[in-house]
Amino acid sequence: MNRTEQLIAQVERVSAHNYAPLPVVISRARGVWAWDTDGKRYLDCLSAYSSLSLGHCHPRVVDALVEQARRLCLTSRAFHNDRMGPFLDLLCELCDMEMALPMNTGAEAVETAIKLVRKWGYQAKGVPRDRAEIIVCRDNFHGRTTTIVGFSSEAAYRDDFGPYGAGFKLVDFGDVAQLEAAITENTVAFLVEPIQAEAGIKVPPPGYLSAARRACTAHDVLLVLDEIQTGLGRTGRFLAHQHEPDAAPDVLIVGKALGGGVYPVSAVLAPSAILGLMRPGDHGSTFGGNPLAAAVGKTALEVVRDEALTARAADLGAYLLERLQRLHCTAIQEIRGRGLLVGIEFAPQAASAREYCSRLLERGVLTKDTHERVIRLAPPLIIAQEEIDWLVEQLEAVLSD
Ligand SMILES: *Cc1c(COP(=O)(O)O)cnc(C)c1O
């Protein structure tokens with residue numbers, strides 16, 4: 001066994017098999033490129049599920065991390081720290097929200113939002129205690145906690161992890177009439193992703209989010225947008241809901257890229273009339289808002305702003321889509337996406353998406369299948385046009401094999 005095989009065998013032995021990674025062991029990375037243990041180079045087109053929008057090891061983020069690590073890493077929220085305020089202030093400004101609650105992972109932030117909208121339902125809307133309903137979409141992905149998988153429609157995420165919490169209703173993504181029909185006097189929120197990324201980069205029909213916003217407003221229901229994967233420039237707008245007029249949420253959830261590709265940082269944002277309902281003792285996280293996370297999160301936001309990564313995602317995303325659409329290949333059924341969040345859906349008679357990912361891996365492209373027939377292309381937003389050209393060449397080669 002060579003070193004790579006040894007490392008994979010070791011992980012197979014000692015790690016739970018809750019993932020099925022492609023057979024590559026990455027040991028170093030910089031920008032859009034990653035290297036395996038044999039020194040072979042790969043273009044990272046998964047970006048840790050859009051967490052690496054700034055690329056690997058962005059120098060400004062790494063500097064912020066290291067400098068902060070030398071000064072102060074953790075206080076807990078039992079005390080103030082000098083980093084959290086400036087971070088949340090910039091986050092609120094960029095997201096056009098009044099307040100934020102910092103957490104670590106995406107799933108925790110979604111759980112926080114669920115608690116928040118229920119509390120709002122009881123204290124502000126007047127829903128009877130324990131009767132609050134939250135409407136969610138089929139094929140949603142909001143994380144892996146027991147509450148969240150309880151309202152998943154995906155058997156693999158959900159089965160054998162019950163019993164599940166009550167209070168969730170499923171409607172079809174993209175269907176406002178179903179949403180309106182599902183609303184009752186006890187509905188407190190509609191929780192939705194602007195683009196269903198894990199479900200296969202599903203972009204809703206135009207006008208969907210604006211219409212959902214109107215329906216929520218009309219029935220005194222909070223619109224909660226999970227922008228964990230779509231936010232911070234990825235789709236060519238700072239937030240993906242900005243592709244539509246008047247679709248701003250009441251509660252916004254961000255994560256992934258907020259950690260600059262180096263550290264888990266997530267947050268829930270809302271107006272003070274909603275987030276102000278959280279009182280001491282209601283909710284917490286030992287690590288949420290820690291000074292290291294805050295220094296990294298603030299720097300990540302500054303990099304998105306200073307390097308104009310949102311505009312880059314819009315321009316290069318349009319370029320990538322156009323190049324892909326010119327591929328003319330019978331194996332491809334549909335190409336869809338926004339900005340640098342693109343899905344390629346293969347036709348039923350084509351090879352599996354996993355098979356295409358393996359072939360791309362051989363050619364030095366890292367990507368991942370999502371469901372059987374879709375591969376996702378979500379490179380770091382710092383990718384250069386020539387690197388996109390190179391990616392398309394590799395795809396062409398793999399498709400003509
Ligand atoms: C990744 C993701 C989550 C969960 O985030 P974790 O950090 O993995 O817990 C939630 N919602 C969406 C839309 C995601 O893409």
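Whatever order the structure lists them in is the order used to number ligands and atoms, beginning at 1.
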Please tabulate, one line per pair, the protein N or O atoms found under 3.5 Å from any N or O atom of ligand 1, giving the distance to one decimal.
| residue | atom | partner | partner atom | Å |
| --- | --- | --- | --- | --- |
| ligand 1 | 7 (O) | Gly106 | N | 2.8 |
| ligand 1 | 9 (O) | Gly106 | N | 3.4 |
| ligand 1 | 9 (O) | Ala107 | N | 2.8 |
| ligand 1 | 11 (N) | Phe141 | O | 3.4 |
| ligand 1 | 11 (N) | Asp226 | OD1 | 3.4 |
| ligand 1 | 11 (N) | Asp226 | OD2 | 2.6 |
| ligand 1 | 15 (O) | Gln229 | NE2 | 2.7 |
| ligand 1 | 15 (O) | Lys256 | NZ | 2.6 |

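A donor and an acceptor atom, one from each side chain of Asn104 and Ser285, are located under 3.5 Å apart.
Between the Gln68 side chain and the Leu72 main chain, a donor and an acceptor come within less than 3.5 Å of each other.
The heavy-atom pair separating Leu191 from Val110 by the smallest distance is CD2-CG1, 4.3 Å. Closest approach of Val374 and Arg336 over heavy atoms only: CG2-NH2, 3.8 Å.
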Audit row: Glu108, Thr105, side chain to side chain donor-acceptor pair (under 3.5 Å) steps and yes/no: CA-CA 5 Å; Glu108 282 176 306; Thr105 65; 3.2 Å; yes

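For Phe151 and Tyr164, the ring centers are positioned 6.0 Å apart or more.
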